[in-house]
Amino acid sequence: MIHPSILEKAKQIASEKFVFPKDILDAIKKDNTVWKNFTAFSDAYKRVRIAYVDGAREHPEEFRKRLKNFINKTRENKQIGFGGIEKYY
């Protein structure tokens, strides 16, 4: 659950349009299986995971590590766990 003290801010952030970085999408699209699996994931999951990868952009090694891990898990059609994010949106 989201703590009541940040609920309104969380709703505001969740309602903002999220722009997927082109370079990350291009990396995902390189593999047809990865792209197919990615497009089947929920919008909330895609947004959280891509934001997590993008958040490491200032640390190139960590950025590459996160992107590689995300792509590998997506190829296996597995979501990276923390489970049930839809209940927060």
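Excluded from the calculations below are hydrogen atoms, water molecules and symmetry mates; all remaining heavy atoms, backbone and side chain alike, are included.
Sorted by first then second residue, the side-chain hydrogen bond (donor to acceptor under 3.5 Å, both in side chains) pairs that include residues 71-80, not counting sequence neighbours, are Asp31-Arg75, Asn72-Arg75.
Rounded to the nearest 0.5 angstrom, Phe38 CZ and Phe70 CZ are separated by 5.0 Å. Here the straight-line distance linking atom CZ of Arg57 with atom CG of Asp23 works out to 4.0 Å at 0.5 Å rounding. Taking CG of Leu67 as the start and CG of Asp54 as the end, the distance is 10.0 Å to the nearest 0.5 Å. Taking CG of Asn69 as the reference point, atom CD1 of Ile80 lies at 4.5 Å (rounded to 0.5 Å).
In this structure, Arg66 and Gly55 approach most closely via the heavy-atom pair NH1-C, 4.2 Å.
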task = Go through the steps to decide whether Phe18 and Asp43 satisfy the test side chain to side chain contact (heavy atoms under 4.5 Å, CB included), and finish with yes or no.
result = CA-CA 10 Å; Phe18 182 76; Asp43 289 341; over 6 Å; no
message = Checking Phe20 against Lys46 for the side chain to side chain contact (heavy atoms under 4.5 Å, CB included) test, could you report, in this order, the C-alpha distance in whole Å, the side-chain angles of both residues, the deciding distance, and whether it holds?
response = CA-CA 9 Å; Phe20 291 91; Lys46 290 186 280 192; 4.1 Å; yes
task = Could you give me the CA-CA distance, side-chain angles and deciding distance for Ile24 and Phe63, then say whether side chain to side chain contact (heavy atoms under 4.5 Å, CB included) is met?
result = CA-CA 10 Å; Ile24 295 175; Phe63 175 81; 3.9 Å; yes
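The ring-ring contact (aromatic ring centres under 6.0 Å, His included) test applied to Phe41 returns Tyr45, not counting sequence neighbours. Residues satisfying the salt bridge (charged side-chain N to carboxylate O under 4.0 Å, His left out) test with Lys9, not counting sequence neighbours, are none.
Although no hydrogens or angles enter the test, the distance criterion places a donor-acceptor pair under 3.5 Å between the side chain of His3 and the main chain of Ser5.
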